[in-house]
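So the structure is just underneath, and the comments pick up after that.
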Protein chains: 2
Amino acid sequence: MSKLNLLDALKDKGFKLTVQRRRIIETLRQLGGRVSARDIHQALRKKNPSLSLDTVYRNLRLLTEIGLVHQISLQSGAVFELADDRRHHHHLVCIDCEKVACIEYCPEFPAYSDHAASEGFTVLGHIFEVYGRCTECQNKKQAANI
Amino acid sequence: MSKLNLLDALKDKGFKLTVQRRRIIETLRQLGGRVSARDIHQALRKKNPSLSLDTVYRNLRLLTEIGLVHQISLQSGAVFELADDRRHHHHLVCIDCEKVACIEYCPEFPAYSDHAASEGFTVLGHIFEVYGRCTECQNKKQAANI
DNA sequence: TCTCTAAATAGTAATATTCTTATTTGATAA
DNA sequence: TTATCAAATAAGAATATTACTATTTAGAGA
């Protein structure tokens, strides 16, 4: 999804195109993947000192909920990335070392939208994260148990 | 999964069976679904004043990561429930009114474990949440736009 | 363009969650 | 049973995230 389409998508769903939202999306794109709310806030504060941290959080949550942004929950806090830079995907998080790997898989939309419809829900977005152990941490674990 | 099996599962994965863990699991069962870390902490404080809130958070995260507990991320904070009380399931969350509905669907394990394996990951658990709008909030939204 | 209104924001306060470090404890093996 | 040690905990400090409220603003329509 291009930048324009992102803004269109926001508008289509009935949300306003505020300057803050434009800037947050722009910054998500500029900084690349896996940035925290604080990262975005600090980057934007340089030129727009009045930007509220609350606004960053509020919009990241909104963008996540309507599927335009991916959220990755690490122990150290949440990080985000635009959902449009590559094919829709999710993440593997190592519970020992916090390493993140991309997983080229997404729970298929039709598979659960039917269930959602039966509950009267209109689906907008989702969060899907897989937890496990990476190769190195599995080996460490085994070595410790010898 | 019965209570004993839960404890066995913890042990099998190499985690210690501390009294705090037993009590947290026991409380999750007693309080039923969708309790917050604070709920659990307060319930246990009555009889065990020294229990640390940090311990509750740490264990809820661990239990979630290894798939024994479900986490639901609401705007007001995260709530949890044992994964064993009924068939494995997930949740629909209304982004307007925060209503939660159960969705009898889970991204099938084999479908993504292959992807995970190719990255060298051993899968332990996952978080899957669907965001959307419930019937009432869709109607409100439409009424407002007339 | 001007007005109007619900939605969004800024600033700050309040909570929620995680981190740090010294101490305790479950599990293992002698 | 006892010693040992990595894992887990308690307590409190530090961050992360959300809530509250007065004010501003995007978008719709006159």
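Since the structure is predicted, the reported quantities are computational estimates derived from the model, not experimental observations. We name chains A, B, ... by the order of the sequence lines, and we start the count at 1 in each one.
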### Query
Less than 4.5 Å apart, any side-chain heavy atom of L60(B) and any of L28(B)?
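Yes, side chains in contact.
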
Could you check whether [X] gets within reach of a base, just the sugar-phosphate, or nothing at all, counting any heavy atom under 4.0 Å?
X      : value
R21(A) : sugar-phosphate
L53(A) : base
S36(A) : nothing
N59(B) : sugar-phosphate
R38(B) : sugar-phosphate

### Message
Quick check on side chain to side chain contact (heavy atoms under 4.5 Å, CB included): which of S76(B), C137(B), C134(B) does E98(B) satisfy it with?
### Response
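When side chain to side chain contact (heavy atoms under 4.5 Å, CB included) is applied between E98(B) and each of S76(B), C137(B), C134(B), only S76(B) qualifies.
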
### Message
Please compare K16(A) and S52(B) by the position of their nearest nucleotide in DNA chain D and report the one closer to 5'.
### Response
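First, find each residue's nearest nucleotide; the 5'-ward one identifies S52(B).
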
### Query
For L17(A) and S76(A), take the nucleotide of DNA chain D holding the closest heavy atom to each; which residue's nucleotide lies nearer the 5' end?
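It is S76(A) whose nearest nucleotide is closer to the 5' end.
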
Distance, rounded to the nearest Å, where [X] contributes [atom1] and [N] contributes [atom2]:
X      : N       : atom1 : atom2 : answer
Q42(A) : dA16(D) : CD    : P     : 9 Å
N48(B) : dT24(C) : CG    : P     : 18 Å
L10(B) : dG26(C) : CG    : P     : 14 Å
K13(A) : dG27(D) : NZ    : P     : 17 Å
D54(B) : dA16(D) : CG    : C1'   : 14 Å
Q75(A) : dA8(D)  : CD    : P     : 12 Å
L51(A) : dT9(C)  : CG    : C1'   : 9 Å
L60(A) : dT18(D) : CG    : C1'   : 13 Å

Whether [X] contacts [N] is assessed here as follows: a side-chain N or O lying under 4.0 Å from the phosphate OP1 or OP2. Is that the case?
X      : N       : result
Y57(B) : dT17(C) : yes
R61(A) : dT17(D) : no
Q20(B) : dT24(C) : no

Which nucleotide wins on minimum distance to the side chain of [X], given the candidates [options]?
X      : options                   : answer
T18(A) : dA27(C), dT9(C), dA10(D)  : dT9(C)
A78(A) : dC19(C), dA19(D), dT17(D) : dT17(D)
V19(A) : dA26(D), dA19(D), dG27(D) : dA26(D)

### Message
Suppose we screen for side-chain contact (heavy atoms from CB on, under 4.5 Å). Which residues come up paired with C106(B), at least two apart in sequence or across chains?
### Response
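Counting only residues at least two positions away or on another chain, C106(B) forms a side-chain contact (heavy atoms from CB on, under 4.5 Å) with H88(B), H90(B), H126(B).
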
#### Entry: Sequence-distant partners of S50(A), side-chain contact (heavy atoms from CB on, under 4.5 Å), two or more places apart
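side-chain contact (heavy atoms from CB on, under 4.5 Å) check on S50(A) returns nothing, list empty.
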
#### Entry: L62(A) or R58(B), whichever maps to the more 5' nucleotide of DNA chain C
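Nearest nucleotide further toward 5': that of L62(A).
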
### Query
Do T64(A) and R61(A) have side-chain N/O donor and acceptor atoms under 3.5 Å apart?
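No.
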
### Message
Students often mix this up, so state it plainly: with edges at 30° and 60°, are the rings of F128(A) and F128(B) parallel, tilted or perpendicular?
### Response
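Rings of F128(A) and F128(B): perpendicular, over 60°.
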
